[in-house]
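Read the numbers this way: they start at 1 and go in the same order the structure lists the ligands and their atoms. Nothing here was measured: the structure is a model prediction, and the numbers come from that model. All values below were derived from every heavy atom in this structure, side-chain atoms included, with hydrogens, water molecules and symmetry-related copies excluded.
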Amino acid sequence: MPSLTSLLAVGSLALQTALCLPGLNTFPDHNVKILKRSVDTFVATESPIALNHILCNIGASGACVPGAGSGFVIAGPGQDNPNYFYTWTRDAALVFKCLVDTFIDQYSSSLQILIENYITAQARLQTVQNPSGGLSSGGLGEPKFNADGSAFTGSWGRPQRDGPALRATALITYAKWLVSNGYSSTAKSLVWPVIQNDLSYVSQYWNNTGFDLWEEVSGSSFFTIAAQHRALVEGSALAGQLGTSCTHCDSQAPQALCFLQRFWTSKGYILANINANDGRTAKDANTLLASIHGFDPSIGCDAATFQPCSDRALANHKVVSDSFRSVYSINSGIPGGQAVSVGRYPEDVYYGGNPWYLCSLAAAEQLFDALYTWNKQGFMTITAVSLPFFRDFSASVAIGTFASSSNTYIGLFNAIQTYADGYLVVIENYAQANGSLSEQFSKYDGHPLSAYDLTWSYAAFLTAAARRSGKIPSSWIGPSDSVVPSTCSASSANGPYSVAPTSTFPAGQTPITGTSTATASPTSPPCTIAENVTVTFNEIVTTQFGQTIKIVGDAANMGAWDPTKAVALSASQYTNSNPVWFGTVELGSGILVEYKYINVASDGTVTWEGGSNRVYTPPVGCASTAVVNDVWR
Ligand code: NOJ
Ligand code: NOJ
């Protein structure tokens, strides 16, 4: 069956040719509406699936990653071909940025526990001596760790300097939420120390080369410098809010921004890597990811920070997406201005060089961001730089500024909205039927490839879906932060490093009542995260007549270790071939419990099962039920 996008493509082309009209407004209105409705349906179905998969890949409660330490995001559950059972600082930070934004949008105490666990885990990770160094000797640039938080000592493309910057941004976002809800002391005592180490790393090393986000090229990466600029800017602002300062951030942020300009050249697109002798065109989705990471509608379509609606970022969007039109056969025949499958970079050979879900989603997200800002500011500007991008939607459009009431604006806005939705149709077409997203999909026929259930793919879906529905993360940049110094200097500045505390977060840090931090939004969050889980315990144990199996543990609902308050299980499904006792207990999601089974005789004698206490952490997710299968020991 031809896909919706290809039908639309054929339909609009035919109409265009028949009427001899330029491209503008040639999407018949009803087709646009049908597409929008079908994407609405896909987004509604996929969102809870994506959130559940993310939570399933986070230790220690994530059921998909047994053995992962508390607060560690595992890149993917697969342990061979390829083995992604590690925690990458970059993937984890981008995933938690998404989760923190989800949390800010709708408070959830279980999500809050996960965020706290992530912060504590990062405080620990910062101290782990690894092949890149130690806490104050470059070790924060280590790209990945084993799932239990120990150092990965195999050879790898290291260091990767985007990790500390991205982690700082994820943590700053949560720290700002704490501050605005009256918990500045928590932000200062437990979150800021982790952030401060990362900021010291960034201000010290931003001007050094390192491996890019794809772990292949040693040089200067646009994505890395953009992420570093953002971290320095918002790190300094947070320091001020906490009554301290980050002078090394203040001195280096403008310099990082200055350097960022070097990636823009007269070629009309952003060079993904410079100072790297890699023989590539430098067209790379690195740049799309950088643009969406730095999205902040408060500075409009600013070009210095490569805002998604800036002329540079739009010109680049076209060059990058066009670069994949001829290299993947699944893109063949799809004309400019219609969504294609997007990979890392056209010369890629990893797993044969294929489209990636997260790169195609970044292409969508940049467009949703741009649409949001145009809508907010009420106009759209076309410059000589961005003209080729806009010409894909209207062959006759010219340079100028168009108010939202103009036909030019309306036509372009609708066409670009349809274009953006087209990228989600790509995802829908190539996701597995059950909604699973791996890392890549085949350039020949779209079947999933490489790591399965890639956590980052799901986060990329959720952020694109959130922007589509008008959910925008909190602002990070002030007007003066986008002013480029007139001369750049290759500099560095030292800040403090110290071991961050790993003490428990105070309980009950709920939002200030009456102040909703949620932005008004037309759609609901991916799902309501269950605060409690009704857990069914099945215990296989052969019993004699008159005996009762009970469960007792440290949770209040498990009798707080008092056998007289233990929960009696039922033998109603007990047979000789399947001697099962079962019962349900309501437990807090994400909260670890210790428990044991006891056999209580008719005279009340209690026999405890042997061995050490059993431990179980009810999953955090959309589901409010779970099952545990045990055997008496
Ligand atoms: C593994 C890295 O994660 C991936 O990005 C890279 O392409 C391959 N190694 C090949 O270097
Ligand atoms: C390979 C990707 O190139 C890299 O960006 C990512 O961090 C790892 N896989 C883990 O997902």
Side-chain angles (χ1 to χ4, degrees), residues 50 53-54 56-59 62 64-65 68 72-98 125 130-132 140-147 152 154-167 170 210-219 221-224 226-227 272-273 276 278-280 284-290 292-293 342-362 436-441 443 448-461 463:
H53 274 293
I54 290 175
C56 201
N57 287 352
I58 301 175
C64 304
V65 289
F72 292 135
V73 177
I74 303 306
Q79 306 212 17
D80 52 50
N81 251 329
N83 182 357
Y84 273 39
F85 202 76
Y86 297 96
T87 183
W88 268 264
T89 303
R90 165 184 40 262
D91 297 45
L94 291 169
V95 166
F96 262 99
K97 174 67 167 63
C98 166
L125 266 195
N130 63 65
S132 297
L140 302 185
E142 180 67 4
K144 71 172 193 183
F145 293 82
N146 294 322
F152 166 76
S155 63
W156 208 251
R158 58 168 69 89
Q160 295 176 19
R161 306 191 195 280
D162 57 334
L166 298 170
R167 179 167 59 197
F211 277 83
D212 71 328
L213 78 168
W214 307 135
E215 322 194 278
E216 296 173 338
V217 176
S218 182
S221 159
F222 182 76
F223 177 80
T224 302
N273 297 294
D278 61 359
R280 297 184 196 161
D284 191 315
N286 157 335
T287 57
L288 310 181
L289 288 157
I292 61 176
H293 179 71
V342 174
R344 299 195 296 184
Y345 53 94
E347 302 89 348
D348 198 359
V349 295
Y350 181 48
Y351 274 77
N354 293 285
W356 284 42
Y357 296 96
L358 71 91
C359 296
S360 306
L361 285 161
S436 283
L437 302 178
S438 56
E439 179 187 73
Q440 313 182 21
F441 49 102
K443 61 184 162 192
L449 282 172
S450 185
Y452 68 89
D453 286 333
L454 186 80
T455 321
W456 187 0
S457 296
Y458 294 115
F461 174 83
T463 56

Number the atoms of ligand 2 from 1 as they appear, then name those within less than 4.0 Å of a heavy atom of Leu454, with their elements.
-> 11 (O)

For residues Asp348 and Trp214, is any side-chain donor paired with an opposing acceptor at under 3.5 Å?
-> no

Examine the side chains of Tyr458 and Asn57 and answer whether a donor and an acceptor come within less than 3.5 Å of each other.
-> no

Under 3.5 Å: N/O of Arg90 near N/O of ligand 2 | yes

Test: Arg158 cationic atom under 6.0 Å from Phe211 six-membered ring centre, within 45° of axis = no

Please work out whether any backbone atom (N, CA, C, O) or any side-chain heavy atom from C-beta onward of Arg344 is under 4.0 Å from ligand 1, and answer side chain, backbone, both or neither.
-> side chain

Could you establish whether Thr455 and ligand 2 come within less than 4.0 Å of each other, counting only heavy atoms on the residue side?
-> no

Per-atom filter on ligand 1: closer than 4.0 angstrom to a heavy atom of Trp214 are 4 (C), 5 (O), 6 (C)

Would you say the side-chain atoms of Asp212 and Ser221 include a donor-acceptor pair closer than 3.5 Å?
-> no

Asp91 and ligand 2 - part of the residue with a heavy-atom distance under 4.0 Å = side chain

heavy-atom search around atom 4 (C) of ligand 2 in the protein gives Leu213 O, 3.4 Å

If hydrogens are left out, which of Trp356, Trp456, Tyr350, Trp88 has an atom nearest to atom 2 (C) of ligand 2, that is, the closest non-hydrogen atom?
-> Trp356

Residues Tyr350 and Glu215: side-chain donor-acceptor under 3.5 angstrom | no

Heavy-atom distance to atom 1 (C) of ligand 2: which of Tyr86, Tyr84, Phe211 wins?
-> Tyr84

Are Tyr86 and Gln79 close enough, and set up right, to give a side chain to side chain donor-acceptor pair (under 3.5 Å), and what steps lead you there?
-> CA-CA 9 Å; Tyr86 297 96; Gln79 306 212 17; over 6 Å; no

Using distance alone, with no hydrogens and no angle criterion, decide if Tyr452 and Glu439 have a side-chain donor and acceptor under 3.5 Å apart.
-> no

Option nearest atom 6 (C) of ligand 1 (shortest heavy-atom distance, choices Glu216, Glu215, Glu439) | Glu216

